[in-house]
Enquirer: 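Pasting a structure below so you can have a look.
Heavy atoms only: backbone and side chains are in, while hydrogens, waters and symmetry mates are out.
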Amino acid sequence: MTRENRIKQIRNIGIIAHIDAGKTTLTERVLFYTGKTHKMGEVHDGQATMDWMPEEQERGITITSAVTTCYWLGKEIHIIDTPGHVDFTIEVERSLRVLDGAVGVFCAVGGVEPQSETVWHQADKYKVPKIAFINKMDRLGADFPGAVEQMKEQLGVYPLILTLPVGSEDSFQGVFDLIKEKMVVWDEATQGVEFKESPIPEEYRQEVSKARENLLEALSGVDDAIMEKYLDEETISDQELHEAVRRACIGLQCIPVYCGSALKNKGVQLLLDGIIRYLPSPLDVPPVKGINPVTDTVEKRLSQDNAPLAALAFKVQMDQGRRMTYVRVYSGKLRAGDEVWNPGKRLKEKAARILQMHANKRERIKEAGAGNIVAVMGLKHTSTGDTLCDQKHPILLEPIETYQPVISVAVEPKTIGHQEKIDSALNKLSEEDPTFKVKFNEETGQTIISGMGELHLEILVHRLLREFNAFVTVGKPQVVYRETIQKSVTIEERFDREIGGGRQTATVVIQVSPRERGHTNRVVSKLEPECLPEGYEALILETLRQRLESGVLKGFPIIDVEVVLKNAVFEEGLSTDVSFRAAASIGLQRACEQADPVLLEPIMSLEVLVPESFMGDVIGNLNSRHGRVEQIEPRGPIQVIKAIAPLSRMFGYSTKLRSISQGRGTFTMVFSHYDPVS
């Protein structure tokens, strides 16, 4: 097989969805039907192959993204099964950053749920082509047209319906394949391995003909070749339709839509065919771009084995105390024993071993070529988002965006002798997870850990005990606040002191101004050229950025502020690094103190699903938590309440909701924005 042909056979895909939409169940079926596993593991039994962590098996949810490789119709599929819970959204973010395609799984009952929307837009950000699978067609309340309509309204997608359900709920039997114009029914006795294609029954023929007509009409709207034949009423072959759907999918013009029931083993093989037919190989997506750190110019790397190495480390995992780094190879080859260059940290690393992963099982391989996703042992300093490349052809790929924590707890060792062990364990966990932060509070002597939610921190504390045998006492959750300013202020700060037996002076002029909420910080210089000797301007700007990490009210990070260095005065023999750092730090603090500083708290967006009879109690409880109901909409027998509320008032909400709805209410909560503390 030629190098190019090998890459053409690869599909790098992710399974993305809201929690409990059936991602892991679908992945288990994919592994079973492709022959990767010989037994289907069920999530509810704690036996799912991809949910290998004890915490995942206990809770029946995915916490960490797991990688595996399987084969279908001669194609090599690398799959990343991602979490659906908002607390672990970084796992989705860093997976989508390195994938070429994605399968969005939607519950036929719940439709587009909050986290479905979040992960879908994460995929949009990276321009990842997608296929949709409407799952759980066997569930009470399943509504295929309703789910597709929600996708159109809430995600703004252009759906191409390729399969229609035969019945729904208890009567769900199989699907109609609209391209082949066949009815497909799965044999339950063989766990869905065998299925039968048959002509469309007479009573369904009109419905299927209309749906196929709608498909052709939709395709002609995005593909000129199909439009010409459609308008001329010429016969369009199945192959021509497949090629048109592929072009439209890879071109981000439409979303092919399948339906089925992963749990009941129906519809999965047709979805696998769609993954192979319509999602791109590494050759079908634009070449990866990066900055050459030597020339500071933008360069491309083609997906070729004989090109210079360019790879991105997208995940670090501690494996029995050793670092295992997951890497996507974009170009060139990575060989076991190779020395590679980390341009971001300006150091060499050795790829001691290369592993092909199947969840937590592994197989040693000698090399990984362009398009491959592998795990590498031996990279001691490489972190999430770091580039690995050939030192003679350096390139710095775009890093992976991370999220700021919104909740903190204090942890203390149960015995004095455990502090060192806990510090070491926490550092290892923070290397794995960029959204997990560890800080030592000098005033209280406590270690503060921060994360994305209560479940996130609960899982990490559990791992401290299980993996590192580190026993801790956990304090009450605390909200991670932010600070900002409300007006513009300009300050001139002159630092002039005796330090170490010599006089040190420096003068800076700093302007601070508020920015729109959510626009992050901006630190810029407007100094005249030649104003300062080389190196001082960068040093001052770096000091200003660091000073924004600790606010003037309560010491929380300052956000949504523009800081402009307007002037600086250098005095020969008196001005030093130390004096300029001090002047910048003190000046910025004084400016923020005078700019009407205000404390901000995280506001969460909630979606509560509850039967109508409990709606009054649920809304009353939300009001008591300073929540604001923004919308109520019926979804079958269930009412969907959309609201926003301060995170500080939402601790323990899941227990309260279960109590007031007799266990029938569910909710999801995602970070929305920061607002001044009321």
Enquirer: Would a 4.5 Å heavy-atom cut-off, applied to side chains only, mark I255 and L155 as touching?
Expert: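 Not touching, per the 4.5 Å side-chain cut-off.
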Enquirer: To the nearest 0.5 Å, what is the distance between CG (L215) and CG (L164)?
Expert: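 Reported to 0.5 Å precision, the distance equals 9.5 Å.
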Enquirer: Sort and list the pairs that fulfil salt bridge (Lys or Arg N to Asp or Glu O under 4.0 Å) and have at least one residue in residues 148-173, not counting sequence neighbours.
Expert: E149-K152
Enquirer: Using modelled atom types and a 3.5 Å cut-off, is there a donor and acceptor pairing between side-chain atoms of N135 and backbone atoms of A262?
Expert: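 Such a contact is found between N135 side chain and A262 backbone.
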Enquirer: Side chain to side chain donor-acceptor pair (under 3.5 Å) with T69: which residues, sequence neighbours excluded?
Expert: H78
Enquirer: Does CD in E630 sit with more than 12 non-hydrogen atoms of other residues, nucleotides or ligands closer than 6.0 Å?
Expert: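 Counting neighbours around CD of E630, more than 12 heavy atoms of other residues, nucleotides or ligands fall under 6.0 Å, so yes.
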Enquirer: Between S331 and L302, what is the shortest heavy-atom contact and its length?
Expert: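 Smallest interatomic distance, heavy atoms only, reads CB-O, 3.0 Å.
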Enquirer: Out of K315, H456, Q317, which one pairs with D433 under the side chain to side chain donor-acceptor pair (under 3.5 Å) rule?
Expert: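 Output: one option passes, namely H456.
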Enquirer: Starting from the C-alpha separation in whole Å, work towards a yes-or-no answer on salt bridge (charged side-chain N to carboxylate O under 4.0 Å, His left out) for K196 and E194.
Expert: CA-CA 7 Å; K196 185 176 147 194; E194 293 178 16; over 6 Å; no
Enquirer: Quick one: are L252 and P129 in side-chain contact, heavy atoms under 4.5 Å?
Expert: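 Of all side-chain heavy-atom pairs linking P129 with L252, at least one is under 4.5 Å.
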Enquirer: Do the side chains of V268 and F32 get nearer than 4.5 Å, heavy atoms only?
Expert: no
Enquirer: CG/L162 to CD1/I179 distance, rounded to the nearest 0.5 angstrom?
Expert: 5.0 Å
Enquirer: Could you note down all residue pairs passing salt bridge (Lys or Arg N to Asp or Glu O under 4.0 Å) where residues 230-243 supplies at least one of them, sequence neighbours left out?
Expert: K229-E240
Enquirer: Using ring-ring contact (aromatic ring centres under 6.0 Å, His included) as the criterion, list what pairs up with Y230, not counting sequence neighbours.
Expert: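 So Y230 forms no ring-ring contact (aromatic ring centres under 6.0 Å, His included) with any residue.
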Enquirer: Identify the heavy atoms of Y158 and G221 that sit nearest to each other, and give their distance.
Expert: OH-CA, 4.2 Å
Enquirer: Within the supplied structure, the quantity of interest is the number of heavy atoms (other residues, nucleotides, ligands) at a distance under 6.0 Å from K180 NZ; does it exceed 12?
Expert: no
Enquirer: Which pair of heavy atoms, one from C107 and one from A21, lies closest together, and at what distance?
Expert: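 Looking at all heavy atoms of both residues, the shortest contact is N-CB, 4.2 Å.
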Enquirer: Looking at OH of Y33 and CG of N265, how far apart are the two atoms once the value is rounded to the nearest 0.5 Å?
Expert: 3.5 Å
Enquirer: Can you establish whether the number of heavy atoms outside K289 located under 6.0 Å from its atom NZ is more than 12?
Expert: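 12 or below, so no.
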Enquirer: Taking P287's backbone N and O only, do any of them form a donor-acceptor pair with R301's side chain (distance below 3.5 Å, no angle check)?
Expert: no
Enquirer: A side-chain contact here means heavy atoms from C-beta on lying under 4.5 Å apart; do L312 and I400 qualify?
Expert: yes
Enquirer: Are L279 and D100 packed together at the side-chain level, in the sense that at least one heavy-atom pair is separated by less than 4.5 angstrom?
Expert: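 No, every pair of side-chain atoms sits at 4.5 Å or beyond.
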Enquirer: Quick one: ring pair (Phe, Tyr, Trp, His ring centres under 6.0 Å) pairs with a partner in residues 91-112, sequence neighbours left out?
Expert: F106-W120
Enquirer: Dump the intermediate steps for side-chain contact (heavy atoms from CB on, under 4.5 Å) on I16 and Q122, then the final yes or no.
Expert: CA-CA 10 Å; I16 60 172; Q122 282 175 296; over 6 Å; no
Enquirer: Using the ring of Y326 (Phe, Tyr or Trp, six-membered ring only), decide whether R328 places NZ or CZ under 6.0 Å from its centre and within 45 degrees of its axis.
Expert: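 No.
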Enquirer: Output the distance between atom CD1 (I641) and atom CD1 (I632), rounded to the nearest 0.5 Å.
Expert: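 Result: 5.5 Å between the selected atoms.
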Enquirer: For L99 and I373, what are the C-alpha separation, side-chain angles and deciding distance, and is it a side-chain contact (heavy atoms from CB on, under 4.5 Å)?
Expert: CA-CA 9 Å; L99 292 170; I373 293 175; 4.2 Å; yes
Enquirer: Can you name the closest pair of heavy atoms from D223 and I226 and give their distance?
Expert: OD1-N, 3.2 Å
Enquirer: Does the side chain of E76 come under 3.5 Å of the side chain of Q9 through a donor N or O and an acceptor N or O?
Expert: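 Per modelled atom types, E76 and Q9 side chains form no pair under 3.5 Å.
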Enquirer: So how far is it from I10 CD1 to N5 CG, rounded to the nearest 0.5 Å?
Expert: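 Output value for this atom pair is 10.5 Å.
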Enquirer: Do L231 and S220 have side-chain heavy atoms sitting under 4.5 Å apart?
Expert: no
Enquirer: Could you give all pairs that pass the salt bridge (Lys or Arg N to Asp or Glu O under 4.0 Å) test and reach residues 204-213, with sequence neighbours left out?
Expert: E181-R212, E202-R205
Enquirer: Tell me, with the steps shown, if N12 and V98 meet side-chain contact (heavy atoms from CB on, under 4.5 Å).
Expert: CA-CA 8 Å; N12 288 315; V98 298; over 6 Å; no
Enquirer: Residues in ring-ring contact (aromatic ring centres under 6.0 Å, His included) with Y258, at least two apart?
Expert: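 Testing Y258 for ring-ring contact (aromatic ring centres under 6.0 Å, His included), a comparison that skips the adjacent residues, returns none.
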Enquirer: Return each pair, listed once, that meets side-chain hydrogen bond (donor to acceptor under 3.5 Å, both in side chains) where at least one residue sits in residues 275-288; pairs must be two or more places apart or across chains.
Expert: H242-Y278, R246-D284, S281-D284
Enquirer: Would you confirm whether R6, through its side chain, and A370, through its main-chain N or O, come within 3.5 Å as a donor-acceptor pair?
Expert: yes
Enquirer: Mind jotting down which residue pairs meet the ring pair (Phe, Tyr, Trp, His ring centres under 6.0 Å) criterion with at least one end in residues 178-222? Sequence neighbours excluded, please.
Expert: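 Listed once each, the pairs are F176-Y204, W186-F195.
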Enquirer: Rounded to the nearest 0.5 Å, how far does CD1 of I7 lie from CG of D305?
Expert: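 One gets 4.5 Å once the value is rounded to the nearest 0.5 Å.
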Enquirer: Any idea which heavy atoms bring C259 and T163 closest together, and the distance?
Expert: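 Heavy atoms only, the tightest pair is N-OG1, 3.0 Å.
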Enquirer: Determine, stepwise, if the pair I275 / V30 fulfils side-chain contact (heavy atoms from CB on, under 4.5 Å).
Expert: CA-CA 11 Å; I275 288 168; V30 166; 5.6 Å; no
Enquirer: What salt bridge (Lys or Arg N to Asp or Glu O under 4.0 Å) pairs are there with at least one residue in residues 182-192, not counting sequence neighbours?
Expert: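 Checked against salt bridge (Lys or Arg N to Asp or Glu O under 4.0 Å) - neighbours excluded - the pairs reaching residues 182-192 are E188-K266.
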Enquirer: Do I77 and I276 come close enough that some side-chain heavy atom pair is under 4.5 Å?
Expert: yes
Enquirer: Under the 3.5 angstrom rule, does the side chain of R97 hit a backbone N or O of G385 as a donor-acceptor pair?
Expert: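 Answer holds: no.
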Enquirer: For the NZ atom on K125, are there more than 12 heavy atoms of other groups (residues, nucleotides or ligands in this structure) within a distance under 6.0 Å?
Expert: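 Yes - once you tally the heavy atoms of other residues, nucleotides and ligands closer than 6.0 Å, there are more than 12.
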Enquirer: Only counting residues at least two apart or in another chain, list the ones meeting side chain to side chain donor-acceptor pair (under 3.5 Å) with K136.
Expert: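 Not a single residue meets the side chain to side chain donor-acceptor pair (under 3.5 Å) criterion with K136.
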Enquirer: Mind checking what makes side chain to side chain donor-acceptor pair (under 3.5 Å) contact with E113, not counting sequence neighbours?
Expert: none
Enquirer: Assess whether atom CD of Q631 is packed by more than 12 heavy atoms of other residues, nucleotides or ligands within 6.0 Å.
Expert: yes
Enquirer: Mind listing the closest non-hydrogen atom pair of Q150 and G110 along with its distance?
Expert: OE1-O, 3.9 Å
Enquirer: Within a strict 4.5 Å, meaning less than it, do heavy atoms of the Q639 and V618 side chains meet?
Expert: no
Enquirer: Between K130 (side chain) and V128 (backbone), is there a donor-acceptor pair under 3.5 Å?
Expert: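 At least one qualifying donor-acceptor pair exists.
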